[in-house]
> 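Before we start, here is the structure in question, set down as structure tokens.
Just the heavy atoms: all of them, side chains too, but no hydrogens, waters or symmetry mates, feed the values below.
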Amino acid sequence: MIANTIFLEVGNLDGLVYLILLILLGPPIFLSIIGLILFKTKNRKAGKIFFILAGIYLVVGLGICGALMAGF
């Protein structure tokens, strides 16, 4: 009976935490880099839009992924 419960035990979940952090911070960093490149060239308006998108994604990601990591 005890041998069957070993399969239900969870091991190391560090990879899951790193995946959540990658989903949380990866796209805003990527969008910010694109926005910086566009802002330095002639497309200043498009660069500002990418910065705004990066900020919105970061706020939403902090809310959703932060709640998942906090355990709510």
Side-chain angles (χ1 to χ4, degrees):
M1 191 70 149
I2 294 175
N4 292 338
T5 60
I6 292 175
F7 295 115
L8 299 176
E9 293 181 12
V10 179
N12 190 3
L13 294 178
D14 286 343
L16 184 62
V17 173
Y18 294 142
L19 180 67
I20 290 174
L21 285 174
L22 181 69
I23 292 170
L24 168 71
L25 297 175
I29 292 172
F30 185 67
L31 288 172
S32 296
I33 291 171
I34 292 174
L36 185 65
I37 291 170
L38 288 175
F39 193 75
K40 293 291 182 183
T41 60
K42 296 179 182 178
N43 297 330
R44 288 187 169 268
K45 190 171 184 177
K48 289 179 186 178
I49 290 172
F50 271 95
F51 280 132
I52 292 170
L53 286 174
I56 290 171
Y57 196 101
L58 185 64
V59 168
V60 171
L62 283 173
I64 294 172
C65 292
L68 284 174
M69 290 181 70
F72 290 113

> Throw together a table of side-chain donor-acceptor distances under 3.5 angstrom for residues 44-61, partners on residues two or more places apart or in other chains.
none

> Mind checking what makes side-chain contact (heavy atoms from CB on, under 4.5 Å) contact with L16, not counting sequence neighbours?
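I20.
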> Does one hydrophobic cluster hold both I23 and V17, with members joined at side-chain heavy-atom distances below 4.5 Å?
no
> To the nearest 0.5 Å, how far apart are CG in L31 and CG in L38?
10.5 Å
> State the CD1-CG distance between I33 and L36, to the nearest 0.5 angstrom.
8.5 Å
